[in-house]
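For reference, the structure is listed below as structure tokens.
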Amino acid sequence: MIFDNKFIQQRIEKAKLLKEAGFNPYTNESKRNCSIEKYLNVNSDIAESEEKRDENRHYIVSGRIKLLRIMGKASFVKIEDESGMLQIYVARDNLPEGFYNTMFKKNIEVGDIIEVAGFPFVTGQGELSLHADSLTLLTKAISPLPEKFHGITDKEIRYRKRYLDLIMNAEVRKTFQTRSKVISLTRRFFEDKGFLEVETPMMHPIAGGANAKPFVTHHNALGIDRFLRIAPELYLKRLIVGGFEAVFEINRNFRNEGMDTTHNPEFTSIEFYWAYKTYKDLIEITKEYFQYLFEHLNLPTMLPYGDIEVNFANFQEIPLIESLTTVGGVPAESCNDKESIIAYLNSKNITVKPGMNLGQLQGELFDEFVEEKLIDPTFITEYPVEISPLARRSDENPAITERFELFIAGREIANAFSELNDPIDQLERFEGQMAAKDSGDDEAHEMDSDFVEALSYGMAPTAGQGIGIDRLVMLLTNEHSIRDVLLFPAMKPLNGDEAEMQTEEN
RNA sequence: GUCUUGUUAGCUCAGCUGGUAGAGCACGUCACUUUUAAUGAUGUGGCCGAUGGUUCGAAUCCAUCACAGGACACCA
């Protein structure tokens with residue numbers, strides 16, 4: 001039974017006693033007229049006053065009881081609402097006859113949500129508090145809260161029961177408030193630049209726009225399978241074909257792959273597409289975007305992340321091949337042909353899959369020796385065409401693409417390029433992917449002939465970029481697991497959870 | 001997927017080379033009208049993640065499983 005715990009039984013009993021005494025333990029009659037933050041601000045002058053109290057002011061505040069100190073005929077109660085924590089002084093003789101001893105002391109406890117009315121005063125210890133003249137129970141908590149000092153630290157409970165984590169850990173609430181602001185600022189930034197926010201399908205007939213395994217669902221009315229989208233890219237580009245010149249979408253993508261500290265099966269990204277622009281314009285708007293975020297989030301330019309510090313005033317731009325030597329320390333003569341790269345990798349005890357081409361091997365060098373060393377924001381440009389199937393070739397050098405990836409604190413934060421808009425080239429690349437799929441690459445891109453047809457009507461030269469919002473929030477909040485920036489991260493069902501086990505079997 | 005570390009009271013954690021379970025907080029009772037993790041006294045609270053094995057005897061040793069944390073691999 002879910003409520004068979006002894007402490008819960010005790011609390012259910014108290015709720016019953018309250019009900020019998022005429023107090024509804026789940027009343028809907030809240031009369032709050034002041035948030036705790038506002039109360040503390042408005043009454044901050046009391047500390048300077050002669051009497052340290054002002055009985056002419058009167059407030060009604062509400063919140064959950066976090067601490068309770070009963071000292072005979074008087075008690076101190078700390079209540080918390082979304083805006084902050086406030087100490088309440090409750091004395092027997094200031095409350096209705098009998099209420100303190102029979103109701104308050106017996107039936108009100110930590111975890112309950114109460115409403116208190118009274119006047120502001122400052123205690124002997126100098127804490128601005130509220131002197132209660134009435135106290136009402138709004139909501140009875142029948143499950144006890146975790147321990148008051150250590151709170152809740154077990155990560156499994158924190159993720160599975162996020163509400164408890166939020167009740168107990170103020171800094172967790174802060175992280176999610178920051179996340180919300182990041183999304184709202186992102187939206188505002190792009191709107192102010194003239195971008196149009198759009199919504200494209202989450203259920204795709206063909207899972208395109210990235211190379212990843214999709215989740216499959218079924219549409220009964222049409223009798224066909226649908227794929228949860230792995231990326232919105234191909235739909236957003238159709239909109240550019242249609243004549244919108246700047247669009248963005250902030251939404252979820254779903255990838256049926258592993259989970260770890262930087263991967264959740266559903267994650268949030270912004271993708272934006274900008275006609276008549278190139279990846280060089282994207283570098284500029286990205287710098288501006290970060291500046292905008294830092295300014296509106298009041299973040300320091302030198303941002304701590306774990307053991308390191310990231311200097312957001314120091315944006316760098318390095319071509320990939322150059323970064324191999326200047327950042328990665330790979331000898332220049334080991335960067336430009338397959339044999340010497342393989343020899344160099346082998347000399348560092350790194351084995352490579354046979355059959356890799358030059359671009360892939362250069363990518364391998366980058367992953368091994370460069371990526372983790374890129375602490376300050378760095379745009380890596382001039383990606384080899386072999387590892388950039390969706391990007392446009394450079395007009396000057398057909399071996400490289402007009403692309404960059406942005407790295408911060410050793411992690412990829414954004415991926416951007418001038419878009420391929422040649423329909424014949426796009427068709428051939430899809431056909432190449434189909435061949436790869438036939439020879440066993442189950443993540444190769446699907447053929448999307450409808451998209452090719454869209455391109456055939458002509459897509460203006462366009463630059464497009466994707467930014468992983470979850471990883472960005474991790475960076476800005478100094479969190480090192482994606483689960484700490486997702487309110488409800490994906491978890492395996494617990495053994496014995498019948499509802500979820502059922503789904504497992506089907 | 002591999003390696004590794006966990007899982008003991010509502011929460012945070014002890015429990016040594018096997019001898020039928022302990023603390024703090026919380027909760028109950030009592031005292032206490034300015035406390036700050038309030039304090040003092042006293043009491044209740046456990047299928048030691050699950051299943052098997054070894055043993056006279058298992059929270060402890062072994063195996064399998066479940067879930068979680070971390071690392072690695074995969075995710076161009």
(message) One thing to verify: whether Asp425(A) and Arg429(A) come together as a salt bridge, which I'm taking to mean a side-chain N less than 4.0 angstrom from a carboxylate O.
(response)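 Looking at Arg429(A) and Asp425(A), the cut-off is met.
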What contact category does [X] fall into here, base, sugar-phosphate, or nothing, at under 4.0 angstrom with non-hydrogen atoms?
{"X": "Gln87(A)", "answer": "base"}
{"X": "Thr261(A)", "answer": "sugar-phosphate"}
{"X": "Gly151(A)", "answer": "sugar-phosphate"}
{"X": "Lys6(A)", "answer": "base"}

(request) Please confirm whether Tyr279(A) and Tyr383(A) have ring centers closer than 6.0 angstrom. (result)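 No, the ring centres sit 6.0 Å or more apart.
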(message) Using ring centroids (six-membered ring only for Trp), state whether Tyr89(A) and Phe76(A) fall under 6.0 Å.
(response)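 Yes; Tyr89(A) has its ring centre under 6.0 Å from that of Phe76(A).
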(request) Ignoring backbone atoms, establish whether Gln125(A) has a side-chain N or O less than 4.0 Å from OP1 or OP2 of U34(B). (result)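 It does not, given that no N or O in the side chain of Gln125(A) lies less than 4.0 Å from OP1 or OP2 of U34(B).
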(request) Please state whether the phosphate of G69(B), meaning OP1 or OP2, lies under 4.0 angstrom from any side-chain nitrogen or oxygen of Thr153(A). (result)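 Answer is no, no contact under 4.0 Å.
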(request) Identify, between Val110(A) and Lys78(A), the residue whose nearest nucleotide on RNA chain B lies closer to the 5' end. (result)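 Closest to the 5' end, via its nearest nucleotide, is Val110(A).
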(request) Just say parallel, tilted or perpendicular for the rings of His204(A) and Tyr235(A), cut-offs at 30° and 60°. (result)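 Tilted: the ring planes of His204(A) and Tyr235(A) meet at 30° to 60°.
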(message) Taking Watson-Crick (N1-N3 plus N6-O4 or O6-N4) and G-U wobble (N1-O2, O6-N3), each under 3.5 Å, can you produce the dot-bracket string of RNA chain B? Use [ ] for crossing pairs and | for inter-strand ones.
(response) (((((((..((((.....[..)))).(((((.......))))).....(((((..]....))))))))))))....
(request) Specify the glycosidic conformation (syn or anti) of C16(B), with syn defined as within 90° of 0. (result)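 That one's anti.
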(request) Would you mind listing every ring pair (Phe, Tyr, Trp, His ring centres under 6.0 Å) that reaches into residues 43-65 of chain A, with sequence neighbours excluded? (result)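 Output for this query lists Tyr39(A)-Tyr59(A).
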